[in-house]
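Here's the structure we're looking at; comments come further down.
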There are 2 protein chains.
Amino acid sequence: MREKRDQSSEPEVEGNLKPGGATLADVSKLAGVSSMTVSRALHKPEVVSKKTLEKVNWAVEQLGYIPNMMAGSLMSKRSRLVAVFVPTVAHSIFADMVQALMHSLARKGYHTIIGVTEYSDKQEQELVEAILGRRPDGIVLIGTQHSDLTRKRLQVSNVPVVEAWDMCDEPLDMLVGFSHEEVGRAIARHLLSKGFRRFAAISVADPRGIRRIGAMLDELAKHEIVDVPHLYLPIPATLSTGRDGLRQLLECNGRPEVVVCSSDTIAQGVLAEAASRGLKVPNDLAVMGFGDLSSASQVYPSLSSVRLDGQLVGETIAKVLLDRIAQKSSATRGLRVDTGFNIIDRESTRRS
Amino acid sequence: MREKRDQSSEPEVEGNLKPGGATLADVSKLAGVSSMTVSRALHKPEVVSKKTLEKVNWAVEQLGYIPNMMAGSLMSKRSRLVAVFVPTVAHSIFADMVQALMHSLARKGYHTIIGVTEYSDKQEQELVEAILGRRPDGIVLIGTQHSDLTRKRLQVSNVPVVEAWDMCDEPLDMLVGFSHEEVGRAIARHLLSKGFRRFAAISVADPRGIRRIGAMLDELAKHEIVDVPHLYLPIPATLSTGRDGLRQLLECNGRPEVVVCSSDTIAQGVLAEAASRGLKVPNDLAVMGFGDLSSASQVYPSLSSVRLDGQLVGETIAKVLLDRIAQKSSATRGLRVDTGFNIIDRESTRRS
DNA sequence: CTGTTAGCGCATTCAC
DNA sequence: GTGAATGCGCTAACAG
């Protein structure tokens with residue numbers, strides 16, 4: 001397809017492009033008003049006369065003007081930028097959460113920078129330090145465990161912070177999460193009530209996953225169920241974590257009635273391995289996952305999942321953060337939101 | 001835990017914090033040098049004397065100084081920001097790709113803003129327009145189909161662009177992808193060569209997925225295999241897409257020998273449904289996915305996946321983009337990289 | 001090796 | 001309703 005000049009519109013404007021695009025000054029000259037008026041026409045159209053507004057809009061269109069947010073933010077001290085740090089996004093429930101969060105933020109005109117910490121406090125710290133250079137209007141962190149320097153930097157920077165996905169008594173700032181210990185205990189009680197007695201567990205070496213499985217094992221022990229075979233496999237959690245895990249369990253410990261996984265990704269691997277062995281789920285082998293928190297309920301219909309009741313977690317985080325940014329007060333400092341969780345009873349643990 | 005003042009270090013500095021943090025001028029005063037020297041000490045330490053460097057570093061530490069990138073970028077015209085637009089990130093191979101891309105970019109000091117287009121050209125356009133306000137150093141788009149305004153904006157803005165995940169003759173700028181038609185044909189030939197004759201297919205209404213499945217059906221037709229049952233289900237692709245799809249296929253069309261899915265997520269749903277029906281994979285039912293492109297090969301060991309040979313796709317995109325940004329020439333304009341793909345023969349299609 | 005001058009592009013603050 | 005002056009925090013380009 002050959003380039004063809006459009007002769008009817010924008011006769012020589014396209015050729016006169018400055019590197020970096022047109023500026024407010026360019027627009028103001030073309031429109032025959034001051035640059036201040038252009039700025040107002042763009043951000044507060046209601047305060048400008050209709051005629052000027054038209055002239056400005058015309059000039060903006062002619063020049064293809066796009067405001068330079070860096071310059072604007074430098075003056076206004078609002079970057080409309082939120083930074084989110086997650087341990088991982090691939091094969092992870094965090095992808096759902098981040099997507100919901102980005103969606104909510106985008107609707108309010110905020111852009112999202114993502115940092116992947118790979119479950120490392122040190123990487124988190126480096127990413128936080130780097131991102132503070134962009135003066136984000138808000139920061140979201142997964143978990144409540146952070147390096148001392150991270151904590152100090154964040155406190156000093158005075159940026160609104162939401163810690164998510166966990167619960168603690170003294171959050172850095174705001175907190176939206178739930179107790180992983182309670183999740184573990186709830187899983188145990190749920191499965192016990194359904195008559196399961198021979199358990200097994202597969203987790204990756206993710207601190208919160210380990211805590212969930214640990215709490216479950218403790219609860220089981222209270223019901224005289226001990227020596228539950230359990231595996232802690234290396235992160236990241238992938239399908240093969242579940243496949244290898246089930247294979248290993250079957251070889252070394254015989255077949256359990258139900259295998260509890262620290263994440264839905266692992267559970268999917270278990271299901272895949274079950275399919276390859278012709279094990280019928282849930283009668284030959286029941287499977288319990290974890291996740292589904294920020295997704296619609298139809299996302300993991302094969303698994304019994306723990307999920308948030310009502311609003312998506314990502315949406316809740318966005319709301320809390322934006323409320324705080326908007327009122328510019330510290331009214332919500334120390335705010336703690338326990339999202340709670342549900343146990344959804346799905347096919348994979350529904351015995352006939 | 002009570003806050004306790006550390007009396008030995010940073011005596012009164014912490015109290016004197018300006019809102020927004022210390023500035024270059026603050027550091028230069030404390031260090032007793034000019035602000036320019038501080039700037040150099042931070043970005044080009046080798047060009048500053050050792051003594052000055054020490055003074056500057058000391059002052060930086062005292063003040064907890066973090067450079068304001070907005071101001072820096074405004075002058076230098078380099079934002080060290082890359083924007084990536086993907087149709088979705090939840091339950092998607094794009095999450096892998098984006099993670100690999102972010103990883104490579106982060107190593108070179110670039111931050112990544114993600115925009116989710118939800119397979120909508122209109123949303124892509126709005127996101128691109130908005131992000132151009134941040135003057136990103138590079139933009140990555142999925143696919144080669146974009147609205148006219150998007151194309152024009154990008155061309156005029158002169159930002160390096162990589163279109164990924166598809167192939168075409170005249171890319172906007174640079175291109176890193178593969179042919180979805182070739183993938184579809186290769187899948188057909190591969191499965192035929194393994195002796196499969198009774199096919200079925202499940203896809204979501206994603207343009208590229210449909211093209212893959214369409215090309216596969218065409219190739220099968222050339223081998224006298226026609227009337228292949230196939231479903232096009234609504235996006236987004238989730239586990240239940242696969243579960244519902246298989247259920248529907250079995251009810252209406254009987255059991256195929258192999259079901260081809262337009263993504264690994266769907267294939268995982270099919271495996272889950274197979275497990276719930278006690279169908280043994282691959283003998284009762286073989287499953288073919290698509291994905292695994294930017295992940296290590298062990299990620300989807302249950303599926304026969306199409307994957308990139310060698311380097312991760314996200315890494316390749318980062319490399320192409322950073323090369324272009326670095327040399328600041330247009331030498332690589334029009335660059336087209338065909339990543340190709342592999343068919344990995346895995347358990348789920350390996351018949352005994 | 002270091003300092004000075006200038007200005008990036010915009011919004012705040014005040015005049016009118 | 002509109003405009004002029006000022007400066008956000010930093011770096012490019014020079015001079016010394």
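Chain A is the first sequence line, chain B the second, and so forth, proteins listed ahead of strands; every chain is numbered from 1. Side-chain atoms are counted along with the backbone in the values below, which use heavy atoms only and exclude waters and symmetry mates. Being a predicted model, the structure only gives us computed values, none of them experimental.
- Put simply, CZ on A/Arg135 is 21 Å from P on C/dC10, counting in whole angstrom units.
- The interatomic distance linking B/Ile66 (CD1) with D/dC10 (C1') rounds to 16 Å, in whole Å.
- Between D/dG9 and B/Tyr65, no contact under 4.0 Å exists linking OP1 or OP2 to a side-chain N or O.
- Contacts of A/Leu74 with the nucleic acid, taken as non-hydrogen atoms under 4.0 Å apart, include base atoms.
- Here A/Thr37 does not reach the OP1 or OP2 of D/dT2: none of its side-chain N or O atoms lies under 4.0 Å away.
- If you take NZ of B/Lys44 and C1' of D/dA12, they are 11 Å apart, rounded to a whole angstrom.
- Applying the 4.0 Å criterion to OP1 and OP2 of C/dG9, one finds that A/Thr23 has every side-chain N and O outside that range.
- Between D/dC8 and A/Ser76, no contact under 4.0 Å exists linking OP1 or OP2 to a side-chain N or O.
- A donor and an acceptor atom, one from each side chain of A/Thr37 and A/Ser34, are located under 3.5 Å apart.
- Along DNA chain D, the nucleotide closest to B/Ala25 and the one closest to A/Val47 are compared, and the more 5′ of them pairs with A/Val47.
- Rounded to whole Å, atom P of C/dT2 lies 13 Å from atom CD of B/Glu46.
- Side-chain proximity of B/Ser49 to the nucleotides D/dG9, C/dT13, C/dC1 is greatest for C/dC1.
- Listed pair B/Ser35 / D/dT11 fails the phosphate criterion, with no side-chain N or O lying under 4.0 Å from OP1 or OP2.
- Nearest-nucleotide positions on DNA chain C for B/Ser34 and A/Met69 put B/Ser34 closer to the 5' end.
- Under the 4.0 Å criterion applied to side-chain N and carboxylate O atoms, A/Asp323 and A/Lys319 are assigned as salt-bridge partners.
- With contacts defined as side-chain heavy-atom distances shorter than 4.5 Å, the pair A/Ile114/B/Thr112 does not qualify.
- Within 4.0 Å of A/Ser73, counting heavy atoms only, lies no atom of the nucleic acid at all.
- Between the CG atom of B/Leu42 and the C1' atom of D/dT11 there is a distance of 12 Å, given to the nearest Å.
- A donor atom on one side chain and an acceptor atom on the other are not found under 3.5 Å apart for B/Ser120 and B/Thr117.
- Rounded to whole Å, atom C1' of D/dT11 lies 13 Å from atom CG of B/Asn68.
- Between the side chains of B/His146 and B/Glu124, a donor-acceptor pair is found at a separation under 3.5 Å.
- With D/dA12, C/dC10, C/dT2 as the candidates, the nucleotide lying closest to the side chain of B/Arg40 is C/dT2.
- Between A/Met36 atom CE and C/dT13 atom P there is a gap of 11 Å when expressed in whole angstrom units.
- One can place CE of A/Met75 at 9 Å from P of D/dG9, the figure rounded to the nearest angstrom.
- When distances run from any side-chain atom of B/Lys77 to the nucleotides D/dG9, D/dT11, C/dG9, the shortest one goes to C/dG9.
- Where B/Ala71 and B/Leu53 meet DNA chain C, the nucleotide closest to each residue was compared, and B/Leu53 sits on the side nearer the 5' end.
- For the 3.5 Å distance criterion, the side chains of B/Arg134 and A/His111 qualify, holding a donor opposite an acceptor.
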